[in-house]
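Note that the coordinates shown come from a computational prediction; the quantities given were computed from them, not determined experimentally.
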Amino acid sequence: MASQPGAALRLLLLISGLRAGLLQQGERQNLETENVTVVEGEVATISCRVKNNDDSVIQLLNPNRQTIYFRDFRPLKDSRFQLVNFSSSELRVSLTNVSIHDEGRYFCQLYTDPPQEAYTTITVLIPPNNLVIDVQKDTYVEGEEVEMNCTAMASKPAAVIRWYKGNQELEGGKTEVEAMDNKMFRVRSQISVTVLREDDEVPFVCLVDHPAVKDLETRQYIDVQYKPAVMVSVIYPPGLTREGESLELFCKVAGKPRPSKVTWVKVDDDLPDHVIVENDKLYIHSLNKTDNGTYRCEASNNVGSSSGDYTLYVYDASATTEPAVHDTRAAEEGPLGVDHAVIGGVVAVVVFAMLCLLIILGRYFARHKGTYFTHEAKGADDAADADTAIINAEGGQNSCEEKKEYFI
């Protein structure tokens, strides 16, 4: 003898079939559902909807064709499936704590004549569970090449890795994708960068693009060492360096590691005895013209050395002319700057010389303006006849003083 639940089920199916047969001339019942994409560990909701339902039976089956819900009854013992809504037009079921094993095709069935079936596919997304940047060492010297590797473990689908230096995206990364078990992937991206002093303590960012997660990133800070950059500046005086006044110079040094000390020297000469040096400052009291010259600040660390120059010119005590521009740049940056007044003076001298040359040439050509004279037939005009004229002309050719040609 059949059990009571089994008899009830057959009775419901029979009633559903009879009601469907009465809709021969009426509107057809339509069964609808849609695919579901869910992140692992979250909740997936499956909805089986019916249009123009006549109270036919709706049921939901798993990928193994096991019944999850028959109307509002759950034969399956998996308690993660819970009834959200049941009516004549919808069966809605939630699945909590979704895993990769829940992925697949689920079936909505409507017991009509003939029966209807629609399926929905659950796709499970798995974000990378670990994001790591590997570098060969922690400290680099400016100009060295840094190779960094970023690995995104066990994701589905495969993650896309992008690199940034600060807020600037970097190009040229090489990516390898490795398929793992359970439809997951391991992604590894490698990038090489030549580091500069500006990159010191700037984050290199490995950023993951993945539909299951937003703003997943990890950062790596690079310690970059570089030789000093040196610049000499004038603290006092603000204007001309005149005889009898004081001079104070400051040596600004930036390097990593920071130089322990700086050294002041006078190029091609010894420092005057009255010069006072206090670490990064140089003082000269009561300037005189023997102090003229180039003063150099030198600094070094374990990466390299650099220097910066200041060229001193001591003016008369009563001088009011604007000072020439002194070079205070680092020595390796190039030659000293040229004063605009000096450039203007050179141009004026060249123009004046060209004008003088033009005047001299003009006077020369005016004095030697071209004239051409010939005395080839001197005496021919006074001859009585043609023969005498020829003889006179020939005789004239014998004298060099009578025949001259002038050329310019």
Side-chain angles (χ1 to χ4, degrees), residues 137-144 166 194-203 221-317 319-342:
K137 54 184 180 180
D138 296 329
T139 302
Y140 290 82
V141 174
E142 182 178 28
E144 281 191 309
T194 300
V195 292
L196 305 174
R197 63 185 62 198
E198 294 81 6
D199 300 328
D200 183 46
E201 298 302 328
V202 172
Y221 290 86
I222 302 297
D223 181 21
V224 182
Q225 296 188 347
Y226 48 92
K227 69 178 184 179
V230 182
M231 178 172 287
V232 179
S233 59
V234 180
I235 299 177
Y236 184 86
L240 291 175
T241 48
R242 300 182 180 88
E243 281 188 298
E245 295 186 352
S246 297
L247 173 69
E248 182 179 352
L249 301 180
F250 173 70
C251 182
K252 182 179 180 181
V253 179
K256 189 173 183 180
R258 182 172 177 81
S260 58
K261 68 174 184 176
V262 298
T263 304
W264 289 93
V265 297
K266 187 176 183 182
V267 178
D268 299 328
D269 201 353
D270 295 330
L271 282 175
D273 293 336
H274 58 285
V275 170
I276 300 175
V277 174
E278 294 181 358
N279 297 325
D280 52 6
K281 292 182 180 180
L282 181 145
Y283 302 90
I284 303 179
H285 299 289
S286 188
L287 289 169
N288 59 73
K289 291 188 179 293
T290 61
D291 297 325
N292 287 344
T294 299
Y295 293 82
R296 176 169 295 170
C297 175
E298 299 175 338
S300 62
N301 57 17
N302 59 358
V303 180
S305 60
S306 299
S307 62
D309 292 346
Y310 173 80
T311 301
L312 171 64
Y313 181 81
V314 179
Y315 292 82
D316 294 335
T320 58
T321 306
E322 288 294 325
V325 177
H326 299 289
D327 176 43
T328 58
R329 296 172 297 176
E332 68 273 9
E333 292 183 5
L336 300 180
V338 180
D339 193 344
H340 294 289
V342 175

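- For Ser306 (side chain) and Pro228 (main-chain N/O), a donor-acceptor pair under 3.5 Å exists by modelled atom type.
- Under the 4.5 Å side-chain criterion, counting only non-hydrogen atoms from C-beta, Phe250 is in contact with Lys252.
- When atom types are taken as modelled, the side chain of Arg197 and the backbone of Gly255 share no donor-acceptor pair closer than 3.5 angstrom.
- The main-chain N or O of Val224 is found under 3.5 Å from a side-chain atom of Asp200 such that the two form a donor-acceptor pair.
- When atom types are taken as modelled, the side chain of Trp264 and the backbone of Asn279 share a donor-acceptor pair closer than 3.5 angstrom.
- With a 4.5 Å cut-off on side-chain heavy atoms, Val314 and Asn292 count as touching.
- Residue-environment remark: NZ (Lys266) exceeds the threshold of 12 foreign heavy atoms within 6.0 Å.
- Side-chain contact between Val275 and Leu282: present, with at least one pair of heavy atoms (C-beta onward) separated by less than 4.5 Å.
- Judged purely by atom type and a 3.5 angstrom limit, Asp309 has no side-chain atom pairing as donor or acceptor with the backbone of Thr294.
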Exercise. Apply salt bridge (charged side-chain N to carboxylate O under 4.0 Å, His left out) to Glu245 and Arg242, showing your working.
Key: CA-CA 6 Å; Glu245 295 186 352; Arg242 300 182 180 88; 3.8 Å; yes
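- Between Tyr315 and Tyr313, the ring-plane angle classifies as perpendicular under the 30° and 60° cut-offs.
- The neighbour count for Lys261 NZ, taken as heavy atoms of other residues, nucleotides or ligands under 6.0 Å away, does not exceed 12.
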Quiz item: What's the verdict on side chain to side chain contact (heavy atoms under 4.5 Å, CB included) for Leu196 and Tyr226, showing C-alpha distance, side-chain angles and the deciding distance?
Solution: CA-CA 8 Å; Leu196 305 174; Tyr226 48 92; over 6 Å; no
Exercise. Start with the C-alpha gap between Asp280 and Cys297, add the side-chain angles, then the distance that decides, and say whether side chain to side chain contact (heavy atoms under 4.5 Å, CB included) holds.
Key: CA-CA 8 Å; Asp280 52 6; Cys297 175; over 6 Å; no
